[in-house]
Asker: 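Structure provided below as C-alpha coordinates; questions to follow.
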Amino acid sequence: MTDFSLNLNEDQLQIQKWVHDFAEGVIRPVAEEWDEREEFPWPVVQEAAQIGLYGVDFLMNAMGDPTGLTLPVAIEELFWGDAGIGMAIMGSALAAAGIAGNGTPEQVMEWVPQCYGTADNVMLGAFCVSEPDAGSDVSSLRTRAVYDEAKDEWTLNGTKAWITNGGIADVHVVVASVDPKLKSKGQASFIVPPNTPGLSMGQKYKKHGIRASHTAEVVLDDVKVPGSCLLGGKEKLDSKLARARENVSTGKQPAMATFEATRPAVGAQALGVARAAYEYSLEYAKERHAFGKPIIMNQAIAFKLANMATEIDASRLLIWRAAWLAKNGTFKNGEGSMSKWKASETAVRVTEEAIQILGGYGYTREYPVERWHRDAKIHTIFEGTSEIQQLVISRAISGLRIE
Ligand SMILES: Cc1cc2nc3c(=O)[nH]c(=O)nc-3n(C[C@H](O)[C@H](O)[C@H](O)COP(=O)(O)OP(=O)(O)OC[C@H]3O[C@@H](n4cnc5c(N)ncnc54)[C@H](O)[C@@H]3O)c2cc1C
(Lines give C-alpha, C1' and ligand atoms only; values in the text may rest on other atoms or scores of the structure.)
Protein backbone atom coordinates (compact mmCIF):
# COMPACT_ATOMS: atom_id res chain seq x y z
CA MET A 1 0.00 0.00 0.00
CA THR A 2 1.23 3.53 -0.84
CA ASP A 3 0.70 6.37 1.64
CA PHE A 4 -1.81 9.01 0.61
CA SER A 5 -0.11 12.35 0.07
CA LEU A 6 -1.20 15.69 -1.33
CA ASN A 7 2.38 16.34 -2.43
CA LEU A 8 2.77 15.26 -6.03
CA ASN A 9 6.07 13.48 -6.70
CA GLU A 10 8.64 14.64 -9.27
CA ASP A 11 7.22 12.42 -12.04
CA GLN A 12 3.68 13.66 -11.43
CA LEU A 13 4.78 17.30 -11.40
CA GLN A 14 6.59 16.77 -14.69
CA ILE A 15 3.57 15.10 -16.30
CA GLN A 16 1.30 17.84 -14.98
CA LYS A 17 3.48 20.51 -16.61
CA TRP A 18 3.88 18.52 -19.83
CA VAL A 19 0.11 18.10 -20.28
CA HIS A 20 -0.54 21.68 -19.21
CA ASP A 21 1.92 22.99 -21.82
CA PHE A 22 0.20 20.92 -24.54
CA ALA A 23 -3.23 22.11 -23.37
CA GLU A 24 -2.13 25.74 -23.35
CA GLY A 25 -0.01 25.76 -26.50
CA VAL A 26 -1.83 23.32 -28.80
CA ILE A 27 -5.39 22.74 -27.57
CA ARG A 28 -6.59 26.16 -26.38
CA PRO A 29 -5.72 28.06 -29.57
CA VAL A 30 -7.97 25.75 -31.64
CA ALA A 31 -10.67 24.85 -29.10
CA GLU A 32 -13.23 27.34 -30.38
CA GLU A 33 -12.67 26.30 -34.00
CA TRP A 34 -13.27 22.58 -33.34
CA ASP A 35 -16.30 23.35 -31.18
CA GLU A 36 -17.80 25.32 -34.08
CA ARG A 37 -16.89 22.64 -36.63
CA GLU A 38 -18.37 19.84 -34.51
CA GLU A 39 -15.87 17.42 -35.99
CA PHE A 40 -13.37 15.01 -34.53
CA PRO A 41 -10.11 17.00 -34.20
CA TRP A 42 -7.82 14.54 -36.00
CA PRO A 43 -4.81 16.90 -36.33
CA VAL A 44 -4.80 17.62 -32.58
CA VAL A 45 -5.13 13.94 -31.65
CA GLN A 46 -2.34 13.12 -34.09
CA GLU A 47 -0.15 15.78 -32.50
CA ALA A 48 -0.95 14.32 -29.07
CA ALA A 49 0.08 10.91 -30.43
CA GLN A 50 3.35 12.32 -31.77
CA ILE A 51 4.40 13.52 -28.31
CA GLY A 52 3.09 10.34 -26.63
CA LEU A 53 0.12 11.90 -24.86
CA TYR A 54 -2.35 9.89 -26.94
CA GLY A 55 -1.11 6.33 -26.78
CA VAL A 56 -1.13 3.07 -24.91
CA ASP A 57 2.21 3.69 -23.20
CA PHE A 58 1.02 6.92 -21.59
CA LEU A 59 -2.22 5.29 -20.43
CA MET A 60 -0.45 2.21 -19.04
CA ASN A 61 2.18 4.33 -17.25
CA ALA A 62 -0.44 6.62 -15.76
CA MET A 63 -2.65 3.70 -14.73
CA GLY A 64 0.35 1.86 -13.29
CA ASP A 65 1.11 4.68 -10.82
CA PRO A 66 0.64 3.13 -7.35
CA THR A 67 -0.68 6.40 -5.87
CA GLY A 68 -3.43 6.58 -8.50
CA LEU A 69 -2.99 10.36 -8.80
CA THR A 70 -1.11 10.62 -12.11
CA LEU A 71 -4.17 10.00 -14.28
CA PRO A 72 -6.51 12.55 -12.63
CA VAL A 73 -3.70 15.12 -12.51
CA ALA A 74 -3.06 14.71 -16.26
CA ILE A 75 -6.76 14.67 -17.15
CA GLU A 76 -7.44 17.87 -15.18
CA GLU A 77 -4.82 19.69 -17.26
CA LEU A 78 -6.07 18.21 -20.55
CA PHE A 79 -9.68 19.25 -19.90
CA TRP A 80 -8.50 22.64 -18.64
CA GLY A 81 -7.36 23.02 -22.26
CA ASP A 82 -10.70 21.97 -23.75
CA ALA A 83 -13.22 19.30 -22.85
CA GLY A 84 -14.30 18.44 -26.42
CA ILE A 85 -10.73 17.89 -27.59
CA GLY A 86 -9.89 16.34 -24.21
CA MET A 87 -12.65 13.80 -24.78
CA ALA A 88 -11.37 13.09 -28.30
CA ILE A 89 -8.01 12.26 -26.69
CA MET A 90 -9.45 10.35 -23.70
CA GLY A 91 -12.36 8.56 -25.43
CA SER A 92 -10.35 5.45 -26.30
CA ALA A 93 -9.43 5.01 -22.62
CA LEU A 94 -12.98 3.88 -21.82
CA ALA A 95 -12.66 1.03 -24.33
CA ALA A 96 -9.21 0.23 -22.93
CA ALA A 97 -10.65 0.18 -19.40
CA GLY A 98 -13.46 -2.12 -20.58
CA ILE A 99 -10.87 -4.53 -21.98
CA ALA A 100 -8.54 -4.26 -18.97
CA GLY A 101 -11.44 -4.74 -16.52
CA ASN A 102 -12.95 -7.80 -18.17
CA GLY A 103 -10.34 -9.37 -20.47
CA THR A 104 -7.68 -12.02 -19.93
CA PRO A 105 -4.04 -10.79 -19.84
CA GLU A 106 -3.61 -12.05 -23.42
CA GLN A 107 -6.69 -10.12 -24.60
CA VAL A 108 -5.44 -6.98 -22.85
CA MET A 109 -2.05 -7.31 -24.58
CA GLU A 110 -3.68 -7.88 -27.96
CA TRP A 111 -6.50 -5.33 -27.97
CA VAL A 112 -5.62 -2.35 -25.76
CA PRO A 113 -2.75 -1.25 -28.07
CA GLN A 114 -5.16 -1.48 -31.02
CA CYS A 115 -7.41 1.09 -29.33
CA TYR A 116 -4.56 3.57 -29.86
CA GLY A 117 -2.46 2.45 -32.86
CA THR A 118 0.87 4.21 -33.25
CA ALA A 119 2.04 7.80 -33.54
CA ASP A 120 1.98 7.47 -37.33
CA ASN A 121 -1.23 5.45 -37.52
CA VAL A 122 -3.62 6.68 -34.87
CA MET A 123 -6.46 4.29 -34.03
CA LEU A 124 -9.51 4.72 -31.78
CA GLY A 125 -11.49 2.62 -29.35
CA ALA A 126 -15.18 2.85 -28.39
CA PHE A 127 -16.99 1.38 -25.39
CA CYS A 128 -20.56 0.52 -26.35
CA VAL A 129 -23.01 -0.05 -23.53
CA SER A 130 -25.89 2.46 -23.74
CA GLU A 131 -28.89 1.84 -25.96
CA PRO A 132 -31.87 3.97 -26.99
CA ASP A 133 -33.97 2.31 -24.24
CA ALA A 134 -31.23 1.53 -21.73
CA GLY A 135 -28.84 4.18 -20.41
CA SER A 136 -28.91 4.30 -16.62
CA ASP A 137 -30.75 0.98 -16.57
CA VAL A 138 -27.92 -1.11 -17.93
CA SER A 139 -29.74 -4.31 -16.93
CA SER A 140 -32.22 -3.76 -19.78
CA LEU A 141 -29.79 -4.02 -22.69
CA ARG A 142 -31.45 -5.52 -25.77
CA THR A 143 -28.31 -6.14 -27.84
CA ARG A 144 -28.04 -9.92 -28.07
CA ALA A 145 -25.01 -12.16 -28.42
CA VAL A 146 -25.72 -15.73 -29.58
CA TYR A 147 -23.07 -18.45 -29.59
CA ASP A 148 -22.58 -21.04 -32.33
CA GLU A 149 -20.60 -23.81 -30.69
CA ALA A 150 -19.83 -25.65 -33.94
CA LYS A 151 -18.14 -22.55 -35.39
CA ASP A 152 -16.91 -21.15 -32.05
CA GLU A 153 -18.46 -17.86 -33.16
CA TRP A 154 -20.69 -15.18 -31.61
CA THR A 155 -23.33 -13.22 -33.52
CA LEU A 156 -24.20 -9.74 -32.21
CA ASN A 157 -27.39 -7.83 -33.06
CA GLY A 158 -28.65 -4.53 -31.66
CA THR A 159 -28.27 -0.75 -31.62
CA LYS A 160 -26.05 1.24 -29.28
CA ALA A 161 -26.76 4.91 -28.55
CA TRP A 162 -24.56 7.95 -27.73
CA ILE A 163 -21.27 6.11 -28.20
CA THR A 164 -18.08 8.17 -27.97
CA ASN A 165 -16.04 7.38 -31.11
CA GLY A 166 -18.94 5.14 -32.22
CA GLY A 167 -18.57 3.96 -35.82
CA ILE A 168 -15.27 5.79 -36.36
CA ALA A 169 -13.38 3.61 -33.86
CA ASP A 170 -11.16 0.76 -34.96
CA VAL A 171 -11.95 -1.40 -31.93
CA HIS A 172 -15.49 -1.45 -30.52
CA VAL A 173 -16.03 -3.08 -27.13
CA VAL A 174 -19.68 -4.13 -27.02
CA VAL A 175 -21.62 -5.18 -23.93
CA ALA A 176 -24.43 -7.54 -24.92
CA SER A 177 -26.92 -9.88 -23.33
CA VAL A 178 -26.14 -13.56 -23.56
CA ASP A 179 -29.09 -14.64 -21.43
CA PRO A 180 -31.76 -11.89 -21.18
CA LYS A 181 -33.60 -13.67 -18.35
CA LEU A 182 -30.60 -13.04 -16.10
CA LYS A 183 -30.65 -9.27 -16.81
CA SER A 184 -27.23 -7.71 -16.01
CA LYS A 185 -25.90 -11.06 -14.71
CA GLY A 186 -26.45 -12.50 -18.17
CA GLN A 187 -24.29 -9.91 -19.97
CA ALA A 188 -20.81 -10.17 -21.45
CA SER A 189 -18.34 -7.90 -23.26
CA PHE A 190 -17.07 -8.57 -26.76
CA ILE A 191 -14.35 -7.13 -28.93
CA VAL A 192 -15.48 -6.20 -32.42
CA PRO A 193 -12.21 -6.02 -34.39
CA PRO A 194 -11.49 -3.36 -37.04
CA ASN A 195 -13.49 -3.63 -40.28
CA THR A 196 -15.83 -6.37 -39.06
CA PRO A 197 -18.80 -6.61 -41.48
CA GLY A 198 -22.21 -5.70 -40.02
CA LEU A 199 -21.01 -2.92 -37.69
CA SER A 200 -21.92 0.54 -38.92
CA MET A 201 -22.41 4.07 -37.66
CA GLY A 202 -26.00 5.24 -37.24
CA GLN A 203 -26.82 8.90 -36.67
CA LYS A 204 -24.08 11.22 -35.50
CA TYR A 205 -25.52 13.36 -32.69
CA LYS A 206 -25.45 17.17 -32.71
CA LYS A 207 -24.62 18.10 -29.15
CA HIS A 208 -24.95 20.89 -26.58
CA GLY A 209 -21.28 20.67 -25.59
CA ILE A 210 -18.02 18.69 -26.05
CA ARG A 211 -18.76 19.15 -29.72
CA ALA A 212 -15.27 18.20 -30.92
CA SER A 213 -15.85 14.74 -29.46
CA HIS A 214 -17.62 12.34 -31.84
CA THR A 215 -20.80 10.75 -30.47
CA ALA A 216 -22.92 8.41 -32.60
CA GLU A 217 -25.16 5.37 -32.74
CA VAL A 218 -23.54 2.03 -33.46
CA VAL A 219 -25.64 -0.50 -35.38
CA LEU A 220 -24.79 -4.19 -35.06
CA ASP A 221 -26.41 -6.24 -37.81
CA ASP A 222 -25.42 -9.91 -37.67
CA VAL A 223 -21.90 -9.01 -36.56
CA LYS A 224 -19.86 -12.20 -36.30
CA VAL A 225 -16.82 -12.41 -34.04
CA PRO A 226 -14.70 -15.44 -33.11
CA GLY A 227 -14.96 -17.04 -29.65
CA SER A 228 -11.62 -15.44 -28.74
CA CYS A 229 -13.35 -12.02 -28.80
CA LEU A 230 -15.45 -12.81 -25.71
CA LEU A 231 -13.66 -10.87 -22.96
CA GLY A 232 -12.64 -13.13 -20.10
CA GLY A 233 -13.25 -16.30 -22.14
CA LYS A 234 -16.07 -18.85 -22.43
CA GLU A 235 -15.19 -20.89 -19.36
CA LYS A 236 -15.45 -17.85 -17.09
CA LEU A 237 -18.73 -16.79 -18.70
CA ASP A 238 -20.24 -20.27 -18.37
CA SER A 239 -19.37 -20.47 -14.71
CA LYS A 240 -20.77 -16.95 -14.12
CA LEU A 241 -24.03 -17.87 -15.89
CA ALA A 242 -24.29 -21.13 -13.91
CA ARG A 243 -23.89 -19.23 -10.62
CA ALA A 244 -26.44 -16.63 -11.72
CA ARG A 245 -28.96 -19.37 -12.57
CA GLU A 246 -28.46 -20.83 -9.09
CA ASN A 247 -28.84 -17.32 -7.66
CA VAL A 248 -25.30 -17.23 -6.28
CA SER A 249 -23.40 -13.91 -6.38
CA THR A 250 -21.63 -13.41 -9.71
CA GLY A 251 -19.43 -10.45 -8.74
CA LYS A 252 -19.35 -7.19 -10.66
CA GLN A 253 -21.11 -6.94 -14.02
CA PRO A 254 -19.00 -5.98 -17.08
CA ALA A 255 -20.27 -2.44 -17.65
CA MET A 256 -20.40 -1.61 -13.93
CA ALA A 257 -16.85 -2.83 -13.34
CA THR A 258 -15.62 -0.46 -16.04
CA PHE A 259 -17.57 2.57 -14.85
CA GLU A 260 -16.53 2.11 -11.23
CA ALA A 261 -12.87 2.28 -12.22
CA THR A 262 -13.28 5.35 -14.42
CA ARG A 263 -15.39 7.60 -12.17
CA PRO A 264 -12.54 9.56 -10.51
CA ALA A 265 -11.13 10.15 -14.02
CA VAL A 266 -14.46 11.57 -15.19
CA GLY A 267 -14.50 13.76 -12.09
CA ALA A 268 -11.06 15.04 -13.09
CA GLN A 269 -12.42 15.98 -16.52
CA ALA A 270 -15.12 18.12 -14.93
CA LEU A 271 -12.55 19.60 -12.55
CA GLY A 272 -10.41 20.80 -15.47
CA VAL A 273 -13.39 22.61 -17.02
CA ALA A 274 -14.34 24.18 -13.67
CA ARG A 275 -10.79 25.40 -13.03
CA ALA A 276 -10.56 26.94 -16.50
CA ALA A 277 -13.74 28.95 -15.88
CA TYR A 278 -12.71 29.95 -12.36
CA GLU A 279 -9.25 31.20 -13.39
CA TYR A 280 -10.68 33.14 -16.31
CA SER A 281 -13.42 34.82 -14.31
CA LEU A 282 -11.04 35.67 -11.43
CA GLU A 283 -8.77 37.60 -13.81
CA TYR A 284 -11.75 39.21 -15.52
CA ALA A 285 -13.23 40.34 -12.20
CA LYS A 286 -9.98 42.08 -11.28
CA GLU A 287 -9.85 43.96 -14.58
CA ARG A 288 -13.47 44.80 -15.32
CA HIS A 289 -14.55 48.11 -13.80
CA ALA A 290 -18.08 49.13 -12.91
CA PHE A 291 -19.10 52.08 -10.73
CA GLY A 292 -15.49 53.21 -10.68
CA LYS A 293 -13.86 50.09 -9.24
CA PRO A 294 -12.98 46.53 -10.25
CA ILE A 295 -16.09 44.33 -9.95
CA ILE A 296 -14.18 41.96 -7.63
CA MET A 297 -14.23 44.72 -4.99
CA ASN A 298 -17.93 43.92 -4.51
CA GLN A 299 -18.50 41.08 -2.07
CA ALA A 300 -21.23 39.75 -4.34
CA ILE A 301 -18.57 38.95 -6.95
CA ALA A 302 -15.67 38.16 -4.59
CA PHE A 303 -17.79 35.68 -2.61
CA LYS A 304 -18.81 33.91 -5.83
CA LEU A 305 -15.12 33.44 -6.58
CA ALA A 306 -14.40 32.31 -3.01
CA ASN A 307 -17.15 29.74 -3.36
CA MET A 308 -15.87 28.57 -6.75
CA ALA A 309 -12.32 28.15 -5.40
CA THR A 310 -13.54 26.17 -2.38
CA GLU A 311 -15.82 23.87 -4.39
CA ILE A 312 -13.02 23.19 -6.87
CA ASP A 313 -10.59 22.28 -4.08
CA ALA A 314 -13.20 20.07 -2.40
CA SER A 315 -13.78 18.29 -5.72
CA ARG A 316 -10.07 17.73 -6.24
CA LEU A 317 -9.66 16.27 -2.75
CA LEU A 318 -12.52 13.82 -3.35
CA ILE A 319 -11.09 12.85 -6.74
CA TRP A 320 -7.58 12.28 -5.40
CA ARG A 321 -8.93 10.26 -2.46
CA ALA A 322 -11.02 8.10 -4.80
CA ALA A 323 -8.14 7.63 -7.23
CA TRP A 324 -5.85 6.62 -4.36
CA LEU A 325 -8.47 4.27 -2.89
CA ALA A 326 -8.99 2.62 -6.27
CA LYS A 327 -5.30 1.62 -6.18
CA ASN A 328 -4.85 1.13 -2.45
CA GLY A 329 -7.85 -0.68 -1.06
CA THR A 330 -11.30 -0.27 -2.36
CA PHE A 331 -14.33 2.02 -2.40
CA LYS A 332 -16.41 1.48 0.75
CA ASN A 333 -18.92 4.31 0.74
CA GLY A 334 -19.22 5.04 -2.97
CA GLU A 335 -16.14 7.29 -2.90
CA GLY A 336 -15.73 7.02 -6.69
CA SER A 337 -19.30 8.18 -7.20
CA MET A 338 -18.89 10.95 -4.60
CA SER A 339 -15.94 12.34 -6.54
CA LYS A 340 -17.67 12.22 -9.92
CA TRP A 341 -20.93 13.66 -8.58
CA LYS A 342 -19.30 16.50 -6.66
CA ALA A 343 -16.91 17.51 -9.45
CA SER A 344 -19.51 17.43 -12.21
CA GLU A 345 -22.10 19.43 -10.29
CA THR A 346 -19.33 21.86 -9.28
CA ALA A 347 -18.31 22.29 -12.92
CA VAL A 348 -21.88 23.18 -13.93
CA ARG A 349 -22.25 25.70 -11.08
CA VAL A 350 -18.79 27.23 -11.48
CA THR A 351 -19.16 27.71 -15.24
CA GLU A 352 -22.58 29.27 -14.76
CA GLU A 353 -21.17 31.67 -12.17
CA ALA A 354 -18.33 32.47 -14.57
CA ILE A 355 -20.89 33.57 -17.18
CA GLN A 356 -22.56 35.73 -14.52
CA ILE A 357 -19.24 37.36 -13.62
CA LEU A 358 -18.55 38.16 -17.27
CA GLY A 359 -22.06 39.54 -17.72
CA GLY A 360 -23.09 40.18 -21.34
CA TYR A 361 -19.66 39.20 -22.63
CA GLY A 362 -19.96 35.86 -20.83
CA TYR A 363 -23.11 35.03 -22.76
CA THR A 364 -21.48 35.52 -26.16
CA ARG A 365 -19.26 33.20 -28.14
CA GLU A 366 -16.53 35.85 -28.16
CA TYR A 367 -15.53 34.57 -24.71
CA PRO A 368 -14.90 30.94 -23.80
CA VAL A 369 -17.01 30.71 -20.65
CA GLU A 370 -20.28 29.91 -22.46
CA ARG A 371 -18.48 26.99 -24.17
CA TRP A 372 -17.14 25.79 -20.84
CA HIS A 373 -20.68 25.92 -19.43
CA ARG A 374 -21.98 23.80 -22.32
CA ASP A 375 -19.03 21.41 -21.92
CA ALA A 376 -19.45 21.07 -18.15
CA LYS A 377 -23.00 19.76 -18.38
CA ILE A 378 -22.15 16.39 -19.95
CA HIS A 379 -20.33 15.36 -16.79
CA THR A 380 -23.60 15.19 -14.84
CA ILE A 381 -24.98 12.82 -17.49
CA PHE A 382 -22.49 10.34 -18.92
CA GLU A 383 -20.85 7.47 -17.07
CA GLY A 384 -23.71 7.54 -14.60
CA THR A 385 -25.96 10.57 -14.11
CA SER A 386 -25.81 12.58 -10.87
CA GLU A 387 -28.94 10.75 -9.70
CA ILE A 388 -27.32 7.37 -10.32
CA GLN A 389 -24.18 8.45 -8.41
CA GLN A 390 -26.42 9.34 -5.46
CA LEU A 391 -28.09 5.95 -5.77
CA VAL A 392 -24.68 4.22 -5.63
CA ILE A 393 -23.63 6.28 -2.60
CA SER A 394 -26.88 5.78 -0.72
CA ARG A 395 -26.76 2.02 -1.29
CA ALA A 396 -23.11 1.91 -0.18
CA ILE A 397 -23.66 3.88 3.03
CA SER A 398 -26.90 2.12 3.99
CA GLY A 399 -26.29 -1.41 2.80
CA LEU A 400 -29.88 -1.27 1.55
CA ARG A 401 -31.27 -1.68 -1.96
CA ILE A 402 -32.53 1.93 -2.19
CA GLU A 403 -34.65 2.39 -5.33
C1 LIG B 1 -21.89 12.93 -25.19
C2 LIG B 1 -22.22 11.58 -24.66
C3 LIG B 1 -21.27 10.57 -24.71
C4 LIG B 1 -21.57 9.29 -24.26
N5 LIG B 1 -20.64 8.29 -24.40
C6 LIG B 1 -21.00 7.01 -24.11
C7 LIG B 1 -20.11 5.93 -24.41
O8 LIG B 1 -19.00 6.11 -24.91
N9 LIG B 1 -20.54 4.67 -24.14
C10 LIG B 1 -21.77 4.41 -23.61
O11 LIG B 1 -22.09 3.24 -23.41
N12 LIG B 1 -22.64 5.42 -23.31
C13 LIG B 1 -22.29 6.71 -23.55
N14 LIG B 1 -23.16 7.74 -23.29
C15 LIG B 1 -24.48 7.43 -22.73
C16 LIG B 1 -24.65 7.87 -21.28
O17 LIG B 1 -23.85 7.07 -20.44
C18 LIG B 1 -26.14 7.83 -20.94
O19 LIG B 1 -26.77 8.87 -21.66
C20 LIG B 1 -26.38 8.00 -19.45
O21 LIG B 1 -25.95 6.84 -18.77
C22 LIG B 1 -27.84 8.26 -19.10
O23 LIG B 1 -28.68 7.33 -19.71
P24 LIG B 1 -29.99 7.83 -20.50
O25 LIG B 1 -29.55 8.88 -21.43
O26 LIG B 1 -30.69 6.64 -21.06
O27 LIG B 1 -30.90 8.49 -19.41
P28 LIG B 1 -32.02 7.76 -18.53
O29 LIG B 1 -31.46 6.55 -17.92
O30 LIG B 1 -33.25 7.63 -19.34
O31 LIG B 1 -32.25 8.85 -17.40
C32 LIG B 1 -33.06 10.00 -17.60
C33 LIG B 1 -33.17 10.73 -16.27
O34 LIG B 1 -33.78 9.88 -15.28
C35 LIG B 1 -32.92 9.74 -14.17
N36 LIG B 1 -33.03 8.38 -13.62
C37 LIG B 1 -32.99 7.19 -14.29
N38 LIG B 1 -33.08 6.18 -13.43
C39 LIG B 1 -33.16 6.71 -12.19
C40 LIG B 1 -33.27 6.16 -10.88
N41 LIG B 1 -33.29 4.84 -10.67
N42 LIG B 1 -33.32 7.02 -9.82
C43 LIG B 1 -33.30 8.36 -10.01
N44 LIG B 1 -33.20 8.94 -11.24
C45 LIG B 1 -33.14 8.12 -12.30
C46 LIG B 1 -31.52 10.01 -14.70
O47 LIG B 1 -30.64 10.39 -13.68
C48 LIG B 1 -31.79 11.12 -15.71
O49 LIG B 1 -31.88 12.35 -15.04
C50 LIG B 1 -22.86 9.02 -23.70
C51 LIG B 1 -23.81 10.06 -23.63
C52 LIG B 1 -23.51 11.30 -24.12
C53 LIG B 1 -24.58 12.36 -24.08
Side-chain angles (χ1 to χ4, degrees), residues 35 38 40 79 82-99 101-102 115 124-143 158-169 171-177 183-184 187 189-190 192 201-220 253-263 265-266 269-270 273 334 337 340-341 344-345 347-348 374-395 400-403:
D35 175 66
E38 287 194 59
F40 189 87
F79 278 67
D82 181 64
I85 295 174
M87 200 57 210
I89 292 172
M90 281 311 295
S92 298
L94 198 56
I99 298 168
N102 299 295
C115 292
L124 303 178
F127 187 57
C128 313
V129 184
S130 306
E131 298 181 358
D133 294 319
S136 305
D137 183 8
V138 174
S139 67
S140 298
L141 297 186
R142 288 197 190 156
T143 297
T159 300
K160 295 294 182 181
W162 311 294
I163 303 304
T164 302
N165 295 343
I168 61 167
V171 176
H172 289 78
V173 179
V174 174
V175 180
S177 175
K183 307 281 276 181
S184 54
Q187 294 170 355
S189 298
F190 298 85
V192 180
M201 186 167 87
Q203 64 164 311
K204 179 188 167 191
Y205 299 97
K206 290 191 163 184
K207 302 195 299 290
H208 178 63
I210 58 163
R211 300 197 307 192
S213 165
H214 171 98
T215 317
E217 277 180 339
V218 172
V219 180
L220 301 144
Q253 309 317 323
M256 287 303 108
T258 305
F259 289 138
E260 219 171 86
T262 54
R263 273 176 192 147
V266 181
Q269 298 176 3
V273 180
S337 289
K340 195 257 180 189
W341 175 39
S344 53
E345 293 293 342
V348 172
R374 288 188 283 107
D375 290 346
K377 186 60 195 160
I378 186 57
H379 297 97
T380 68
I381 296 171
F382 67 7
E383 294 202 42
T385 63
S386 287
E387 291 75 17
I388 295 302
Q389 305 307 335
Q390 290 170 82
L391 199 61
V392 173
I393 297 163
S394 47
R395 283 178 183 173
L400 298 170
R401 182 94 194 150
I402 312 280
E403 292 297 338

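Counting starts at 1 for both ligands and their atoms, following the listed order.
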Asker: Does ligand 1 have a heavy atom under 4.0 Å from the side chain of N165, from its backbone, from both, or from neither?
Answerer: neither
Asker: Please find the pair of heavy atoms, one from A88 and one from F40, that lie closest to each other, and give the distance.
Answerer: CB-CE1, 3.6 Å
Asker: Grab the two heavy atoms, one from G84 and one from D82, that are nearest each other, plus how far apart they are.
Answerer: N-OD2, 3.2 Å
Asker: Which ligand 1 atoms, with their elements, are less than 4.0 angstrom from a heavy-atom of E387?
Answerer: 43 (C), 44 (N), 46 (C), 47 (O), 49 (O)
Asker: Is it the side chain, the backbone, both or neither of V129 that has a heavy atom closer than 4.0 Å to ligand 1?
Answerer: both
Asker: Which of these, F382, Y205, W162, has its nearest heavy atom closest to atom 5 (N) of ligand 1?
Answerer: W162
Asker: Quick one: which of I378, D133, I381 has a heavy atom closest to atom 53 (C) of ligand 1?
Answerer: I378
Asker: Who's closest to atom 38 (N) of ligand 1 heavy-atom-wise, of D137, I388, I402, V173?
Answerer: I388
Asker: Determine, step by step, whether E345 and T380 satisfy the side chain to side chain donor-acceptor pair (under 3.5 Å) criterion, reporting the C-alpha distance in whole Å, the side-chain angles of both residues, the deciding distance to 0.1 Å, and the verdict.
Answerer: CA-CA 6 Å; E345 293 293 342; T380 68; 4.9 Å; no
Asker: At their closest point, which heavy atom of S92 faces which heavy atom of G125, and how far apart are they?
Answerer: OG-N, 3.0 Å
Asker: From S344 OG over to K377 NZ, what is the distance, rounded to the nearest 0.5 angstrom?
Answerer: 8.0 Å
Asker: Please name the pair of heavy atoms, one in V138 and one in Q187, separated by the smallest distance, quoted to 0.1 Å.
Answerer: O-NE2, 2.8 Å
Asker: Out of Q389, K377, E383, who is nearest to atom 17 (O) of ligand 1 when you count heavy atoms only?
Answerer: E383
Asker: Among S386, G135, S136, which one has a heavy atom closest to atom 28 (P) of ligand 1?
Answerer: S136
Asker: List in chain and number order the residues that pass salt bridge (Lys or Arg N to Asp or Glu O under 4.0 Å) with D133, two or more places apart in sequence or in another chain; answer none if no residue qualifies.
Answerer: R142
Asker: Check each atom of ligand 1 against the heavy atoms of T385 and keep those under 4.0 Å away; list them by number with element.
Answerer: 22 (C), 46 (C), 47 (O)
Asker: Does any N/O atom on K207 come nearer than 3.5 Å to any N/O atom on ligand 1?
Answerer: no
